[in-house]
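As structure tokens, the structure follows; a few thoughts come after it.
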Amino acid sequence: MALIVQKYGGSSVSDAESIKRVAKRIVDARRAGDDVVVAVSAMGDTTDELLDLAARVSPIPAPRELDMLLSSGERISMALLAMAIHSMGFEARSYTGMQAGMLTTADHGAARIVDVTPTRVREALDEGAIVIVAGFQGFNTDTRDITTLGRGGSDTTAVALAAALGADVCEIYSDVEGVFTADPRVVPRARKLHTVGSEEMLELAANGAKVLYIRAVEYARRHGVMIHARSSFSTGPGTFVLGPGMTAPQGAEGEEMEEPIVAGVATDLSQAKITIIGVPDVPGKAAEIFKIIAKSGANVDMIVQNVSVAGTGRTEISFTLPKSDASTALRALAAEQGDVGFENLVHDDQIGKLSVVGAGMRSHSGVSATLFEALSTAGVNIEMISTSEIRISVVVRGDDLAEAARVVHTAYGLDGDIEAVVHAGTGR
Ligand code: ADP
Ligand code: ASP
Ligand code: MG
């Protein structure tokens with residue numbers, strides 16, 4: 001008998017019918033003889049709707065109260081799912097993150113799991129029940145407050161439970177068949193990957209592939225949990241995310257191209273660009289500027305500094321950051337304009353980031369040339385470039401991003417023969 005942890009995302013439980021459909025899948029797994037623990041997300045776009053509601057009553061909602069509000073979404077879905085399972089004649093018990101022992105740091109909206117003490121989960125399993133745990137939420141023992149793990153965080157709940165319970169596999173179900181070579185909503189010719197290395201998956205997730213949440217992939221890699229990303233709308237195998245030393249189970253399809261240099265293309269419309277104009281070109285200015293931004297709490301991603309404009313002794317620094325951090329960073333910079341001595345700030349929230357990811361880049365040359373060539377042929381202008389060992393990212397106009405992703409996907413020979421299926425969801 002195996003112990004399986006399953007996670008169902010919002011798009012898989014968007015209404016009563018879907019909840020019954022998911023309940024049936026869970027019951028089928030139980031019938032097959034396995035112990036089943038389920039992490040569930042809030043129904044459909046509930047979390048976004050709750051955020052919209054909060055914004056209507058307060059311009060800057062208190063983080064503690066926001067977590068109280070958002071954690072209610074998963075309480076609704078977990079209880080309904082347990083009820084649906086009961087009506088099929090099976091025993092199921094739902095638990096909040098706190099009841100399931102998800103202990104986190106105190107950072108509201110971005111808490112990290114520090115320990116999992118699933119005593120009640122184990123007891124319920126021992127008594128033969130199916131266990132449903134509210135995803136995305138935890139509890140801090142110092143503040144004694146409810147926390148949430150960041151958007152997409154139910155994936156981490158599932159992986160952390162799988163690690164703590166020593167589960168055989170962590171199945172993460174969503175509205176696509178697995179991890180594709182690109183977001184199938186953007187690139188219809190994207191192909192499903194049968195396996196993906198956790199290192200490549202981390203880069204894809206960090207750069208916009210929200211099919212798996214980055215912290216869940218990190219957690220799985222650290223704790224040796226095998227993730228199987230698959231669709232709750234079909235029964236075929238999905239994508240196995242392989243950490244160091246892991247191999248895909250026997251029987252997994254294997255028509256993989258041999259050792260592709262590029263695993264996939266990720267797209268991200270969630271960033272903004274700030275350009276600081278007329279920065280005195282003297283030592284220490286970058287340090288001053290990025291200290292101010294760090295203090296504002298903004299997470300800087302790409303940075304570019306131009307050469308000095310001839311004769312003026314001044315330069316320009318551009319950087320990207322999450323759109324949601326931009327106004328705080330701009331305010332912090334403006335407040336120090338006199339001390340730093342720059343001339344002007346320009347805010348641009350119409351950018352898109354395209355990233356090409358592949359472990360094979362380490363040992364192959366010419367990968368970036370293919371990217372630049374494809375973008376140039378498509379007439380897409382590159383505004384910024386950054387690279388890591390296994391990734392190249394470029395910033396382009398947001399309007400150009402989808403087209404850029406399609407031509408780059410084709411240029412690396414990633415296109416499949418058939419259009420990818422997206423089963424549900426609004427992609428919000
Ligand atoms: P859930 O609500 O189940 O957590 P998400 O919406 O978070 O699901 O993630 C699934 C979505 O991720 C897909 O509908 C797809 O649009 C998007 N996505 C982005 N990049 C990829 C990729 N490389 N492979 C598959 N899906 C991707
Ligand atoms: N409901 C949360 C969100 O929408 C967590 C999750 O779905 O993973 O971000
Ligand atoms: Mg998700």
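As the structure lists them, so they are numbered: ligands from 1, and atoms in each ligand from 1. The model shown is predicted, which means the values in this text are computed figures rather than measured ones.
- Side-chain atoms of Thr275 and Glu316 include no donor-acceptor pair closer than 3.5 Å.
- Under a 4.0 angstrom heavy-atom cut-off, Gly178 registers as being in contact with ligand 1.
- Taking 4.0 Å as the cut-off, Gly152 counts as a neighbour of ligand 2 on heavy-atom distance.
- Not one N or O of Pro184 is nearer than 3.5 Å to an N or O of ligand 1, by distance alone.
- Heavy atoms of Asp183 found under 4.0 angstrom from ligand 1 belong to the backbone as well as the side chain.
- Between the CD atom of Gln271 and the CG atom of Asp348 there is a distance of 12.0 Å, given to the nearest 0.5 Å.
- Contact annotation: for Met201 versus ligand 1, there are no heavy atoms closer than 4.0 Å.
- Heavy-atom proximity to Glu74, at under 4.0 Å, picks out these atoms of ligand 2: 1 (N), 2 (C), 5 (C).
- You'll find the side chain of Pro184 stays beyond 4.5 Å of the side chain of Arg189, heavy atoms only.
- Close contacts between ligand 2 and Ser41 involve ligand atoms 6 (C), 7 (O), 8 (O) [criterion: under 4.0 Å to a heavy atom].
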side-chain contact (heavy atoms from CB on, under 4.5 Å) between Thr105 and Val114: does it pass, once the steps are laid out?
-> CA-CA 7 Å; Thr105 59; Val114 290; 3.7 Å; yes

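- Nearest-residue assignment for atom 10 (C) of ligand 1 (options Val13, Leu193, Asp175; heavy-atom criterion): Asp175.
- Residue-ligand proximity, Tyr173 to ligand 1, at heavy-atom distances under 4.0 Å covers atoms 3 (O).
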Give the C-alpha distance, both sets of side-chain angles, the deciding distance and a yes or no for side-chain contact (heavy atoms from CB on, under 4.5 Å) between Arg31 and Phe90.
-> CA-CA 10 Å; Arg31 268 208 193 98; Phe90 281 75; 3.7 Å; yes

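- When each atom of ligand 2 is checked for a heavy atom of Gly153 under 4.0 Å away, the hits are 5 (C), 8 (O).
- Between Phe319 and Phe290, the ring planes lie perpendicular to each other; the angle is over 60°, past the 30° to 60° tilted range.
- Contact atoms of ligand 1 toward Gly10: 2 (O) (distance under 4.0 Å to a heavy atom of the residue).
- Judged purely by distance below 3.5 Å, without hydrogens or angles, the side chains of Glu203 and Ser355 never pair a donor atom with an acceptor atom.
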In residues 321-330, what donor-acceptor pairs under 3.5 Å come from side-chain atoms, sequence neighbours left out?
from, atom 1, to, atom 2, distance (Å)
Lys323, NZ, Leu269, O, 2.9
Lys323, NZ, Asp349, O, 3.4
Asp325, OD2, Asn299, N, 3.1

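- Taking 4.0 Å as the cut-off, Ser12 does not count as a neighbour of ligand 1 on heavy-atom distance.
- Put simply, no part of Gly152 is less than 4.0 Å from ligand 1, judged by heavy atoms.
- In this structure, Arg21 forms no cation-pi arrangement with Tyr8, as its terminal cationic atom is not both closer than 6.0 Å to the ring centre and no more than 45° off the ring axis.
- The parts of Lys210 lying near ligand 1 are both backbone and side chain, judged by heavy-atom distances below 4.0 Å.
- Looking at Arg151, Lys210, Met43 and measuring to atom 4 (O) of ligand 2, the nearest heavy atom belongs to Arg151.
- Side-chain contact annotation: Asp415 with Thr410, donor-acceptor N/O pair under 3.5 Å present.
- Taking a 4.0 Å cut-off on heavy atoms, Ser11 registers as neighbouring ligand 1.
- Of the listed options Val211, Val196, Leu204, Ile172, Val211 places a heavy atom closest to atom 9 (O) of ligand 1.
- Considering backbone and side-chain N/O atoms, Thr47 comes within less than 3.5 Å of an N/O atom of ligand 2.
- At least one N/O-N/O distance between Lys7 and ligand 1 falls below 3.5 Å.
- Looking at heavy atoms from C-beta onward, Ser393 lies in side-chain contact with Asn207 at the 4.5 angstrom threshold.
- Heavy-atom proximity to Gly9, at under 4.0 Å, picks out these atoms of ligand 1: 1 (P), 2 (O), 3 (O), 4 (O).
- Residues satisfying the ring pair (Phe, Tyr, Trp, His ring centres under 6.0 Å) test with Tyr219, not counting sequence neighbours, are His223.
- Neither the backbone nor the side chain of Tyr8 comes within contact range of ligand 1; no heavy atom lies under 4.0 Å.
- Listed by number with element, the atoms of ligand 1 under 4.0 Å from a non-hydrogen atom of Ala209 are 19 (C), 20 (N).
- In this structure, Gly10 falls outside the shell of residues with a heavy atom less than 4.0 angstrom from ligand 2.
- Side chain to side chain, Glu171 and Gln6 meet the donor-acceptor criterion of an N or O pair below 3.5 Å.
- Remark: Thr320 OG1 to Glu383 CD distance equals 11.0 Å, nearest 0.5 Å.
- Taking only nitrogen or oxygen atoms, main chain and side chain alike, Asp155 does not reach within less than 3.5 Å of ligand 2.
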